[in-house]
Amino acid sequence: MVDAATAFSGFSVRDVPEARAFDEGVLGLPVSEDHGMLVLHLGSGPGVLVHPEGTAHEPASSTVLDFPVPDVDAAVDELSAKGVTMLQYDGVTDERGVNRHGGPLIAWSTDPSGNVLSVLED
């Protein structure tokens, strides 16, 4: 059967070098590359696989990665300073792209392939 201890998640991107430049350069994530795919090293787990789909790539319809942060407004400021645009959801987010309508403060953006990422206040 399956071994839950070795399970990992993954998502696709259009272009691996573009994804690596964003993940390392903008987000500051530790990344390794093997066989044309990336592994995002997050915490102590097995990592998140980022695999190429090229022109067949379609962005995920929901958030693929959530990043807990101590201060969502500071995270939005830092990401915005690096050229990341926060997503706007009518009736949900404020002018900065932050949801302040209950639950944790959360803001969404996309990676260069259009996959949705979030920062949420822990």
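The residues of the chain are indexed from 1 along the displayed sequence. Predicted, not measured: the structure shown is a model, and the values here were computed from it.
Here the rule is side chain to side chain contact (heavy atoms under 4.5 Å, CB included) with Val50, and of Val31, Leu65, Leu40 only Leu40 fits it. Exactly one residue among Arg100, Gln88, His101 makes a side chain to side chain donor-acceptor pair (under 3.5 Å) with Asp94. That residue is Arg100. Here the options are Val119, Leu117, Asn99, Val98, the test is side chain to side chain contact (heavy atoms under 4.5 Å, CB included), and the partner is Trp108; only Asn99 passes.
Atoms OG and CE, from Ser12 and Met37 in turn, are 12.5 Å apart once rounded to the nearest 0.5 Å. Of the inter-residue distances, the one linking Leu38 atom CG with Ser32 atom OG reads 7.5 Å to the nearest 0.5 angstrom. Atom CG in Asp122 sits 13.5 Å away from atom CZ in Phe67 (nearest 0.5 Å).
Between the side chain of Asn115 and the main chain of Ala60, a donor-acceptor pair closer than 3.5 Å is present. Checked by atom type and distance alone, the side chain of His51 never pairs as donor or acceptor with a backbone atom of Val13 at under 3.5 Å.
Contact check for Asp73 versus Arg96: side-chain heavy atoms found under the 4.5 Å cut-off. Inter-residue side-chain proximity for Ser80 and Lys82 is flagged as unmet; no heavy-atom pair is nearer than 4.5 Å.
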Assess whether salt bridge (charged side-chain N to carboxylate O under 4.0 Å, His left out) is satisfied between Glu53 and Arg14, documenting all intermediate values. CA-CA 5 Å; Glu53 289 292 323; Arg14 280 187 311 256; over 6 Å; no
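For Asp66, the salt bridge (charged side-chain N to carboxylate O under 4.0 Å, His left out) criterion is met by no residue, not counting sequence neighbours. Residues satisfying the ring pair (Phe, Tyr, Trp, His ring centres under 6.0 Å) test with Phe8, not counting sequence neighbours, are none.
Shortest non-hydrogen contact noted between Glu24 and Leu29 is CG-O, 3.6 Å. Heavy atoms only, all atoms of each residue included: Ser113 and Pro59 are closest at O-CG, 3.3 Å. The nearest pair of heavy atoms linking Ser62 to Val116 is O-CB, 4.3 Å. Listed here is the closest heavy atom pair of Ser109 and Thr85: CB-O, 3.5 Å. Across every non-hydrogen atom of Ala107 and Met86, the tightest pair is CB-CE, 3.6 Å. Closest heavy-atom contact between Pro46 and Ala7: CG-O, 3.2 Å.
Side-chain heavy atoms closer than 4.5 Å link hydrophobic residues (I, L, V, M, F, W, Y) into clusters, and following such links, possibly through other members, connects Val84 to Leu27. Hydrophobic clustering keeps Leu42 apart from Leu120 (ILVMFWY residues linked when any side-chain heavy atoms are closer than 4.5 Å, directly or through intermediates). Under the 4.5 Å side-chain heavy-atom criterion for Ile, Leu, Val, Met, Phe, Trp and Tyr, Val76 and Leu87 are members of distinct hydrophobic clusters.
Residue Glu121 qualifies as enclosed at atom CD: its count of foreign heavy atoms under 6.0 Å is above 12.
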